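If you're wondering where the values come from, they're calculated on a predicted model, not measured in any experiment. In the text below, chain A, chain B and the rest are named by the order of the sequence lines, each starting its count at 1. Side chains included, hydrogens not; waters and symmetry mates left out as well; all remaining heavy atoms used.
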2 protein chains.
Amino acid sequence: MNEQRPYSKVLDRLRGAGLRPTRQRLALAKLLFEGGDRHLTAEMLHDEARAAGVGVSLATVYNTLHQFQDAGLLREIVVDAGRSYFDTNMLTHHHFFCEDTGDLVDIPADQVQINALPEPPAGKTIDRVDVVVHVRARG
Amino acid sequence: MNEQRPYSKVLDRLRGAGLRPTRQRLALAKLLFEGGDRHLTAEMLHDEARAAGVGVSLATVYNTLHQFQDAGLLREIVVDAGRSYFDTNMLTHHHFFCEDTGDLVDIPADQVQINALPEPPAGKTIDRVDVVVHVRARG
DNA sequence: TGTCAAGTTTAGAATAATTACAAATTGTGG
DNA sequence: CCACAATTTGTAATTATTCTAAACTTGACA
């Protein structure tokens, strides 16, 4: 439907976040937000961009991911030591993490019910609750 | 009570895990297991060891932490990108993670109740469920 | 107790992910 | 279209961790 204005949605999205719609940001936003819910590392996104013929440096991919995160368009997930995934699904939800393959799979929020939470330490407020269900190939 | 055999407990612990009780492993085990529940990075443990006058290289600290983990004496916790904590509390429990300070605080298992969990992806079994409650200084 | 093989430790090099930097480029309001 | 600030970039730097091969311990056994 958007054949003639393929960037209009992401463009609005960037504008809404107060980010200048540069060529690089538009291309990365398109890759990130027009493919459903995704879990990507900086390296993976960089490869995708190059494969799509988009000239963008790895440094810019990192910058952009962090800017998108600060703007609330993405969230960072840390499951694997020394590797950050960025999740394009901003709705409350949780994750399966497969220790064999490194795969990350969404769990809709309504499939996990937490019905007791402790008081946070003095002077702190709860920001969010992350549930990671570690799984492995059945042995 | 153990003034005369200060290493006997950790010694048994290493023996039980099938690990040779070397000077380094004994010293690190003492630091790790005789101070209650602890959350330490390799670097932190290395510093403690040096402060205690124990000559041990950082490489050995890493090796030892992983061996202890494989032996079921420790578990690794990943909350902060690019930094691994090791937790000496092997009972089921969860964590507060303070984003401002990087502090990690235990939440006893009975203070979090999860009463719905999804089916794991085909062919996988659930290994464990990690709940991390992200908190920050009240604004 | 001395010897030896296997298990450990170590310093330093290597790797991997990420961040920092300063120069070059680009986007935008006037 | 200009000027200037924001952005991008290649590269170097940083950080956490793993690797490696040589040196050193340990424990078993004669």
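- Hydrophobic cluster of B:Val78: the remaining members, joined at side-chain heavy-atom separations below 4.5 Å, are A:Val78, listed by chain and number.
- Residue B:Val135 shares its hydrophobic cluster (ILVMFWY side chains chained together at separations under 4.5 Å) with A:Phe96, A:Val105, A:Ile107, A:Val112, A:Ile114, A:Leu117, A:Ile126, A:Val129, A:Val131, A:Val133, A:Val135, B:Phe96, B:Val105, B:Ile107, B:Val112, B:Ile114, B:Leu117, B:Ile126, B:Val129, B:Val131, B:Val133.
- Residues B:Asp87 and B:His93 bring a donor and an acceptor atom of their side chains to less than 3.5 Å of each other.
- Comparing A:Leu19 and B:Pro21 against DNA chain D, the residue whose closest nucleotide sits nearer the 5' end is A:Leu19.
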Going 5' to 3' along nucleotides 8-18 of chain D, which nucleotides have protein heavy atoms under 4.0 Å from the base (write B), which only from the sugar-phosphate (write S), and which from neither (write -)? SBB-----SBB

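- One atom, CG of B:Leu26, and another, P of C:dT8, lie 12 Å apart when rounded to the nearest Å.
- Residues passing the side-chain hydrogen bond (donor to acceptor under 3.5 Å, both in side chains) test with A:Ser84 are A:Glu76, sequence neighbours excluded.
- Summarising the geometry, the separation between NE2 on A:His46 and P on C:dA17 is reported as 13 Å, rounded to the nearest angstrom.
- Distance CE (A:Met44) to C1' (C:dA16): 16 Å, rounded to an integer number of Å.
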Residues 49-57 of chain A side chain polar contacts: donor-acceptor under 3.5 Å, at least two apart:
residue	atom	partner	partner atom	Å
A:Ser57	OG	A:Thr60	N	3.2
A:Ser57	OG	A:Thr60	OG1	3.1

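- Note: CG (A:Leu65) to C1' (C:dT18) measures 12 Å, nearest angstrom.
- Judged as a side-chain contact (heavy atoms from CB on, under 4.5 Å), and not counting sequence neighbours, the contacts of B:Arg128 are A:Glu99, A:His134, B:Arg75, B:Asp130.
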